[in-house]
Amino acid sequence: MKNSLKKFSLENRVAIITGGAGLLGVQHAEAIAEAGGIPVLWDINKDVSKVAAKISRDYKVSSLGMIVDITNHESIEKIFYQVLDKVGRIDILINNAANDPKVKSSKHISWSRFENYTLDQWNKDIAVGLTGAFLCSQVIGNFMAEKNNGVILNISSDLSIISPDQRLYKKEELKESKQPVKPVTYSVVKHGLTGLTRYLSTYWADKNIRVNSISPGGVYTDQPDEFVKKITKLIPLGRMANLDEYKAAIIFLCSDTSSYMTGSNLVIDGGRSIW
Ligand SMILES: NC(=O)c1ccc[n+]([C@@H]2O[C@H](COP(=O)([O-])OP(=O)(O)OC[C@H]3O[C@@H](n4cnc5c(N)ncnc54)[C@H](O)[C@@H]3O)[C@@H](O)[C@H]2O)c1
C-alpha cells in the first residue's frame with residue numbers, strides 16, 4: 001500500500017462514539033471498524049450492546065456497546081474508566097449524540113415554534129447536544145491531554161452555518177400558530193459546537209489533540225415526498241445524502257490523513273450552504 005493510503009489506517013485505535021446506536025452513530029462506528037479501529041458505542045438506548053455486537057460480527061472487530069447518559073458527568077467518568085479497563089487506551093472521541101425533536105404540529109398549536117418552545121425542552125436539547133459534548137470532551141479530552149495524543153470530532157450539521165429554511169416544514173392547510181418549524185435549539189446546539197471545536201483546537205493544540213467538526217446535510221430516510229421535493233430544490237447536487245456518504249470523511253478526520261487539520265469544519269452538504 002502507498003504511504004498516503006496507509007495514513008487512513010486506524011489499526012487498533014479506540015474510538016468512543018456518543019449516540020452510537022442512532023442512525024449516523026452506527027455509520028461512524030462502521031467507518032472506524034472498516035479502517036481497523038475499535039468502535040466503542042455509547043448511548044442511552046438499551047439496544048446499544050446489540051448494535052455493537054452486530055458490528056463486531058460484520059467487521060470482525062471487538063466493538064463495545066455501553067449504556068451512558070452523556071448529560072451526567074458521573075456516568076461518563078464511570079463508564080470511561082470501564083472502557084480503559086477493557087481496551088486499555090483511547091484515541092478518538094466522536095461527539096455525535098443530539099436531540100432532533102421531530103417537527104410536528106399538535107392539535108392547537110405548534111410546540112416547536114420559537115414563541116411556544118418550553119424551557120424544559122430547551123434545557124433537554126442543550127443538555128444532550130452541547131453539555132454532553134462539553135462533558136465528554138472534558139473527561140476524555142483531559143485523559144488524552146495527559147497522554148499527549150488524541151482526536152476529537154464533533155458531528156455538527158449544515159445548520160451550523162445556515163439558518164433552517166422553515167418553508168421546508170410549512171403545511172399549506174395550517175394557520176401560522178400551528179405551523180411546525182425546526183426548533184431553535186438545533187441551530188443553537190450546532191453553532192455552539194463550532195465554538196467548542198475552535199476553542200478546544202487551540203486549547204489542546206500543544207497536547208497533540210486535534211479537534212474538528214463535520215457539517216453533514218440531511219440524510220434521506222424515507223421522508224415524505226413533499227419535504228424531499230422542497231429540500232432537493234435547495235441542494236445543488238439535487239438530492240439528499242445517502243446514509244453511507246459520511247463514512248470516508250469520518251475516517252479522514254479521525255486518521256493521520258488529516259494530521260495538519262485542527263479547528264476546521266468539513267462541510268458535506270451537496271452544496272446546500274453555497275446557494
Ligand atoms: N440524520 C441526519 O440527516 C443528520 C444530518 C446532519 C447532522 N446530523 C447530526 O448527526 C448526529 C446523529 O444524528 P442521527 O440522525 O443519527 O440521530 P439519532 O436520533 O438517530 O441518534 C441520536 C442518538 O443519540 C442518543 N442519545 C440521546 N440522548 C443521549 C444521551 N443523553 N446520552 C447518550 N446518548 C444519547 C439516542 O439514543 C440516539 O441513539 C446528530 O448530532 C445530528 O444532529 C444528522
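Residues take their numbers from the sequence shown, with the count starting at 1. Each ligand, and each atom within it, is numbered from 1 in the order the structure gives. Computation of the quantities below employed the complete heavy-atom set of this structure, encompassing side-chain atoms and omitting hydrogens, waters and symmetry-equivalent molecules.
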CD1 (Ile209) and CG (Asp91) are apart, to the nearest 0.5 Å, by 11.5 Å

Margin query: For the 3.5 Å polar cut-off, considering only N or O atoms, please tell me whether Asp43 and ligand 1 meet it.
Written below: yes

In this structure, atom 16 (O) of ligand 1 is nearest to the protein heavy atom Leu24 N, 2.7 Å

Counting C-beta onward and ignoring hydrogens, is there a side-chain heavy-atom pair between Asp165 and Arg272 closer than 4.5 Å? yes

re atom 26 (N) of ligand 1, the protein heavy-atom contact at minimum distance is Ile44 CG1, 3.8 Å

Discussion item. I'd like to know whether ligand 1 has Asp100 as a neighbour, heavy-atom separation below 4.0 Å.
Written reply: no

Notebook entry, point to check: Are Asp47 and Lys54 ion-paired here, with the side-chain N under 4.0 Å from a carboxylate O?
Noted result: no

Judged by heavy atoms only, the candidate from Asn96, Ile155, Ile214, Asn99 nearest atom 40 (C) of ligand 1 is Asn96

Item checked: Asp69 near ligand 1 by a heavy-atom separation under 4.0 Å -> yes

Is atom 43 (O) of ligand 1 in close reach of the protein, with a heavy atom under 4.0 Å away?
yes

- Heavy atoms from other residues, nucleotides or ligands near CD of Glu176 exceed 12 (cutoff 6.0 Å): no

Among non-hydrogen protein atoms, atom 5 (C) of ligand 1 lies closest to Gly217 O, 3.4 Å

**Asked** So is Val219 polar-close to ligand 1, meaning N/O to N/O under 3.5 Å?
**Response** yes

#### Entry: Same apolar cluster (I L V M F W Y, side chains within < 4.5 Å links), Val14/Ile152
yes

So the atoms of ligand 1 within less than 4.0 Å of a heavy atom of Ala21 turn out to be 39 (O)

Quiz item: Protein heavy-atom contact under 4.0 Å for atom 8 (N) of ligand 1?
Solution: yes

(Q) Could you check whether any heavy atom of Lys190 sits closer than 4.0 Å to an atom of ligand 1, since that is the contact criterion I want to use? (A) yes

heavy-atom search around atom 22 (C) of ligand 1 in the protein gives Ala98 O, 4.0 Å

What do the steps show when you test Asn154 against Leu200 for side chain to side chain contact (heavy atoms under 4.5 Å, CB included), and what is the final call? CA-CA 11 Å; Asn154 294 322; Leu200 291 181; 5.7 Å; no

Requested in this report: Please state whether the rings of Trp42 and Phe80 are parallel, tilted or perpendicular, taking 30° and 60° as the class boundaries.
Outcome: perpendicular

**Report entry** hydrophobic_cluster_shared for Ile16 and Leu193, side chain cutoff 4.5 Å
**Finding:** yes

Would you sort out whether Ile67 and Asn45 count as a side chain to side chain contact (heavy atoms under 4.5 Å, CB included), showing the intermediate values? CA-CA 7 Å; Ile67 298 175; Asn45 184 335; over 6 Å; no

task: Carefully, step by step, assess Asp158 and Val267 under the rule side chain to side chain contact (heavy atoms under 4.5 Å, CB included).
output: CA-CA 7 Å; Asp158 53 4; Val267 182; 5.6 Å; no

All heavy atoms of Ile55 vs all of Pro39, minimum pair found to be CG2-CG, 4.2 Å

Leu23 heavy atoms within 4.0 Å reach ligand 1 at atoms 1 (N), 15 (O), 16 (O), 20 (O)

Ranked by distance from atom 6 (C) of ligand 1, the top protein heavy atom is Pro216 O, 3.3 Å

query: Are Gly218 and ligand 1 in contact, using a heavy-atom cut-off of under 4.0 Å?
result: yes

Looking at Asp125, Thr18, Val68, the heavy atom closest to atom 33 (C) of ligand 1 belongs to Val68

So the atoms of ligand 1 within less than 4.0 Å of a heavy atom of Gly19 turn out to be 23 (C), 24 (O), 25 (C)

Should Thr71 be counted as touching ligand 1, given the test is an N or O pair under 3.5 Å? no

Purely on distance, is any nitrogen or oxygen of Ile70 under 3.5 Å from one on ligand 1? yes

Tell me, do Pro164 and Tyr186 make a side-chain contact under 4.5 Å, heavy atoms counted? no

Close N or O approach (Gly22, ligand 1; < 3.5 Å): yes

pair Asn242-Tyr220: side-chain heavy atoms closer than 4.5 Å: no

- [ ] Determine whether any heavy atom of Ser156 lies closer than 4.0 Å to an atom of ligand 1.
- [x] yes

Handout entry: Any Gly20 heavy atom less than 4.0 Å to ligand 1
Key = no

Taken to the nearest 0.5 Å, the spacing of Lys182 NZ from Ser163 OG works out to 11.5 Å

